[in-house]
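Note: hydrogens, waters and symmetry copies are ignored here, and every other heavy atom, side chains too, is used.
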Amino acid sequence: MKNKLNYELLEFHIREAAGELDSLLSRIQFMLGRPNKAGELHVAAWGDLNEASLEVSLAHAYHHMNTAWNARNKATNEADKDFGRNEKFPRPTGLFDSFARYWPKSLMRKHKRK
């Protein structure tokens, strides 16, 4: 029997990840001098996009995507209890083999040793 997906949890984390990526895309377009979707060029309260702010933004999006995947079958209270484990990069499985080229090299080395 397949596990049931927790759609409310998935909706929250995918919405958060999408919002972060949408915001990041707007910042990149701002840095390129291009208008965003609303045709606005000026974005208040944003400084220049630099490596540190890029890292923070991508880490936030990864956190939500990883949590969405790792907690997809958990009740919300169980997902909250396993917060630290749920936000980690998904373990390699047969389902992820087609994405192996995107895995961190350190994760690939661990996977090959098993």
Side-chain angles (χ1 to χ4, degrees):
M1 181 174 158
K2 289 189 175 191
N3 292 326
K4 186 176 178 187
L5 296 174
N6 182 337
Y7 294 113
E8 288 183 6
L9 184 110
L10 288 171
E11 178 189 30
F12 171 77
H13 286 290
I14 297 304
R15 186 179 54 241
E16 289 292 313
E20 184 65 46
L21 292 173
D22 194 41
S23 176
L24 179 58
L25 180 58
S26 292
R27 289 185 74 184
I28 292 168
Q29 291 169 334
F30 173 76
M31 296 302 295
L32 291 169
R34 297 181 189 154
N36 62 16
K37 289 187 282 188
E40 300 165 340
L41 185 57
H42 175 70
V43 183
W46 281 350
D48 288 348
L49 179 65
N50 56 36
E51 195 164 331
S53 58
L54 175 64
E55 180 180 5
V56 168
S57 186
L58 289 175
H60 183 226
Y62 269 116
H63 156 75
H64 286 290
M65 290 186 295
N66 292 338
T67 302
W69 177 256
N70 290 327
R72 68 195 178 279
N73 302 123
K74 296 179 180 181
T76 303
N77 61 344
E78 184 185 353
D80 289 345
K81 184 180 72 171
D82 295 336
F83 180 82
R85 195 172 350 158
N86 291 335
E87 69 177 351
K88 293 185 189 277
F89 199 81
R91 289 188 336 218
T93 65
L95 186 61
F96 280 107
D97 286 342
S98 61
F99 297 106
R101 66 181 172 195
Y102 302 113
W103 292 338
K105 288 183 177 33
S106 61
L107 190 61
M108 288 299 296
R109 285 190 292 273
K110 287 179 188 177
H111 180 61
K112 288 180 182 179
R113 280 186 254 159
K114 290 183 179 182

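No side-chain donor-acceptor contact under 3.5 Å links S57 to the backbone of L54. Side-chain atoms of N70 come within 3.5 Å of backbone N or O of N66 as a donor-acceptor pair. Judged by distance alone, with hydrogens and angles left aside, the side-chain atoms of T67 form a donor-acceptor pair with the main-chain N or O of H63 at under 3.5 Å.
Side-chain heavy atoms closer than 4.5 Å link hydrophobic residues (I, L, V, M, F, W, Y) into clusters, and following such links, even through other members, never connects M65 to V56. No continuous path of ILVMFWY side-chain contacts below 4.5 Å connects L32 to L25, so the two sit in separate hydrophobic clusters. Linking Ile, Leu, Val, Met, Phe, Trp and Tyr whenever their side-chain heavy atoms come within less than 4.5 Å leaves W69 and L5 in two separate clusters. Hydrophobic clustering, with ILVMFWY side chains joined whenever heavy atoms are under 4.5 angstrom apart, groups F30 together with L24.
Residue I14 comes nearest to A68 through the heavy atom pair CD1-CB, 3.8 Å, listed as atom of the first residue, atom of the second, then distance. Minimum interatomic distance between L10 and R72 (heavy atoms only, all atoms of both residues): CD2-CB, 4.0 Å. Between A17 and A61, the closest heavy-atom pair is CB-O, 3.8 Å.
The closest side-chain heavy-atom distance from N73 to N6 is not below 4.5 Å.
A distance of 14.0 Å separates NE2 of H60 from CD of E55, quoted to the nearest 0.5 Å. N50 CG to M31 CE: the interatomic distance, rounded to the nearest 0.5 Å, is 8.0 Å.
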Could you give me the CA-CA distance, side-chain angles and deciding distance for F12 and H64, then say whether side-chain contact (heavy atoms from CB on, under 4.5 Å) is met?
CA-CA 9 Å; F12 171 77; H64 286 290; 4.0 Å; yes
